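One structure is given here, and the rest of the page talks about it.
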Amino acid sequence: MMTKTENKNNNLFKWATKELSQDAILAWLLNDDEIGYDLIKDMCPSLKNVDFDIENITTQKYSIDVLVELSVLGTSEKIAVIIEDKTDTYIHDHQMLRYIEKVSKEKKKYKKIIYVLFKT
């Protein structure tokens, strides 16, 4: 049980302690056209000058917390953004490498695969 005094900074993830709650919030934010675009730009500095659409958002595909597929406007290029969100732990067991390997083996060919560690 959590009390208001134990959560003075009003951290949502103190209330929603399961990582799937964090996945859901991220996917929900990314699903909003304006917020999602800005969030990706903030998480991925290499995309600051790239115009893209968020084509697809999935959670828990290949155990990846959030997988975002972007299409680069004016081209046929696709970019994958792997978001690994953590609350109390850090990357372990070569997660990043396993996830990149799984995504790179998909039928879709990505021009770039970006990995984001989102720690709250």
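Quick caveat: nothing in here was measured; it's all calculated off a predicted structure.
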About how many Å separate [atom2] of [Y] and [atom1] of [X], when rounded to the nearest 0.5 Å?
X: I64; Y: Y99; atom1: CD1; atom2: OH; result: 7.0 Å
X: D85; Y: L117; atom1: CG; atom2: CG; result: 9.0 Å
X: K111; Y: S76; atom1: NZ; atom2: OG; result: 10.0 Å

* Salt bridge check: are E106 and K61 linked by an N-O gap of less than 4.0 Å? ->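 Here E106 pairs with K61 in a salt bridge, since their nearest N and O are under 4.0 Å apart.
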* State plainly whether the residues E69 and K78 are in salt-bridge range, i.e. N to O under 4.0 Å. =>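 A salt bridge is absent here (no side-chain N lies under 4.0 Å from a carboxylate O).
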* **Within one Ile-Leu-Val-Met-Phe-Trp-Tyr cluster: L97 and I82, side-chain cutoff 4.5 Å** =>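 Unlinked, L97 and I82 end up in two clusters.
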* To do: Flag yes if Y62 and I100 sit in one hydrophobic cluster, no otherwise; membership is Ile, Leu, Val, Met, Phe, Trp, Tyr, and two members link when side-chain heavy atoms are under 4.5 Å apart.
  =>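 As far as the 4.5 Å side-chain criterion goes, I100 and Y62 are connected within one cluster.
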* To do: Determine yes or no for a side-chain-to-main-chain donor-acceptor pair under 3.5 angstrom, with S63 supplying the side chain and Q60 the backbone.
  =>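 Not at all, since once roles are kept as given, no pair shorter than 3.5 Å links the two residues.
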* To do: Could you tell me whether the side chain of D32 and the main chain of E34 form a donor-acceptor pair under 3.5 Å?
  =>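 Judged by distance alone, yes, a pair lies under 3.5 Å.
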* So I25 and D23, side-chain contact (heavy atoms from CB on, under 4.5 Å) or not? Walk me through it. -> CA-CA 6 Å; I25 293 289; D23 297 354; over 6 Å; no
* Quick one: list whatever passes side chain to side chain donor-acceptor pair (under 3.5 Å) with K112, sequence neighbours left out. =>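 Per chain and number, K112 pairs via side chain to side chain donor-acceptor pair (under 3.5 Å) with no residue.
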* Asked: With K105, which residues qualify under side chain to side chain donor-acceptor pair (under 3.5 Å), at least two apart?
  ->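 Partners of K105 under the side chain to side chain donor-acceptor pair (under 3.5 Å) test: E101.
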* **Closest non-hydrogen atom pair, F52 against L70** =>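 Looking at all heavy atoms of both residues, the closest pair is CD1-CD2, 3.8 Å.
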* Smallest separation among heavy atoms of L30 and V66, with atom names ->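 For L30 versus V66, the nearest heavy atoms are CD1-CG1, 3.9 Å.
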* F118 side chain near E84 side chain, heavy-atom distance below 4.5 Å ->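 No, side chains not in contact.
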* To do: With sequence neighbours excluded, tell me which residues meet side chain to side chain contact (heavy atoms under 4.5 Å, CB included) with A80.
  =>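 Only L67, V103, Y110, I113 meet the side chain to side chain contact (heavy atoms under 4.5 Å, CB included) criterion with A80.
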* Can you sort out the partners of N31 under side chain to side chain contact (heavy atoms under 4.5 Å, CB included), two or more places apart, ordered by chain and number? =>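 In terms of side chain to side chain contact (heavy atoms under 4.5 Å, CB included), with neighbours along the sequence ignored, N31 is linked to I57.
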* Sequence neighbours left out, what passes salt bridge (Lys or Arg N to Asp or Glu O under 4.0 Å) with K102? Give chain and number order. =>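 Salt bridge (Lys or Arg N to Asp or Glu O under 4.0 Å) list for K102, sorted by chain: empty.
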* To do: Walk me through it: do D65 and L26 pass the test side-chain contact (heavy atoms from CB on, under 4.5 Å)?
  => CA-CA 9 Å; D65 292 334; L26 276 172; over 6 Å; no
Which donor-acceptor pairs under 3.5 Å do the side chains of residues 36-45 make with protein atoms, sequence neighbours left out?
unit_1: Y37; atom_1: OH; unit_2: K41; atom_2: NZ; d: 3.3
unit_1: Y37; atom_1: OH; unit_2: D51; atom_2: OD1; d: 3.3
unit_1: K41; atom_1: NZ; unit_2: L47; atom_2: O; d: 2.8
unit_1: K41; atom_1: NZ; unit_2: K48; atom_2: O; d: 2.8
unit_1: K41; atom_1: NZ; unit_2: V50; atom_2: O; d: 2.6

